[in-house]
Amino acid sequence: MRRFFAAITIVFVLFGFAGCNTGKCKQNNARLLVGTWRYEMTQKKTNGEWINIPSLSASAGKMTLQADGCATLSMTFNDQTLSQAFNWELLENGDFLTDGKLLGKLVFEDKNKLYLCTDETFDPVTGEFLKGEFRYVYQRE
């Protein structure tokens, strides 16, 4: 298992961020995604600025993306962890698909930080979906 994570780390280190319009860009960004990403926070764009949305205390999450398109999302709340397996695909335009459905658009800040941008998010306090401009912030582990 350590060798697997070491290989993933090498892929991240070797990848450079260069603009491109070819399928090679898609492949490089997809390779960059492979590994484990720790959920940091959800933000909402308000008056042109990104504002942190308070999350439930004692909660944590991460997603692990494999090169074969398989993935696992794990969320922990009050010492209970729930995991969900899914398939992923990254399109050339940055659209991030899970199980064939559009989840949002990925924007890389650098090789260690990404934003999953979407037009709705789930509010765990009210149990409702909120509409607007949101982004989930992830850090590479």
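When a residue number appears, it is its place in the shown sequence, counting from 1. Only heavy atoms go into these numbers, but all of them, side chains included; no hydrogens, no water, no symmetry mates.
In this structure, OH on Tyr115 lies 12.5 Å from CG on Leu106, to the nearest 0.5 angstrom. With rounding to the nearest 0.5 angstrom, the CD atom of Glu133 is 10.0 Å from the NZ atom of Lys44.
Under the 4.5 Å side-chain contact rule for hydrophobic residues, Phe108 and Tyr138 share a cluster. No continuous path of ILVMFWY side-chain contacts below 4.5 Å connects Leu116 to Ile53, so the two sit in separate hydrophobic clusters. Note on Leu32 and Val137: separate hydrophobic clusters, where clusters join Ile, Leu, Val, Met, Phe, Trp and Tyr whose side-chain heavy atoms are under 4.5 Å apart, directly or indirectly.
Contact between Glu89 and Leu91 at its shortest, heavy atoms only, is OE2-CD2, 3.5 Å. The two residues Met75 and Gly61 make their nearest non-hydrogen contact at SD-CA, 3.5 Å. The heavy-atom pair separating Trp88 from Ala30 by the smallest distance is CH2-O, 3.5 Å. In terms of heavy atoms, Leu33 sits closest to Leu65 at O-CD1, 3.5 Å.
Applying the side-chain contact (heavy atoms from CB on, under 4.5 Å) test to Gln84 and every residue at least two apart in sequence or in another chain returns nothing. For the side-chain contact (heavy atoms from CB on, under 4.5 Å) test, residues two or more places apart in sequence or in another chain that qualify with Thr118 are Phe134, Tyr136. Partners of Thr72 by side chain to side chain donor-acceptor pair (under 3.5 Å), not counting sequence neighbours: none found. Asn47 meets the side-chain contact (heavy atoms from CB on, under 4.5 Å) test with no other residue; sequence neighbours excluded.
If you chain together ILVMFWY residues whose side-chain heavy atoms come under 4.5 Å of each other, Trp50 ends up in a group of its own.
Residues Arg38 and Gln139 bring no donor and acceptor atom of their side chains to less than 3.5 Å of each other.
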Could you list the donor-acceptor pairs under 3.5 angstrom formed by side chains in residues 93-105, with sequence neighbours left out?
residue : atom : partner : partner atom : Å
Asn93   : OD1  : Asp95   : N            : 2.9
Asn93   : ND2  : Asp95   : OD2          : 3.2
Asp95   : OD1  : Lys105  : NZ           : 2.8
Asp99   : OD1  : Asn87   : N            : 2.9
Lys105  : NZ   : Asn93   : O            : 2.8

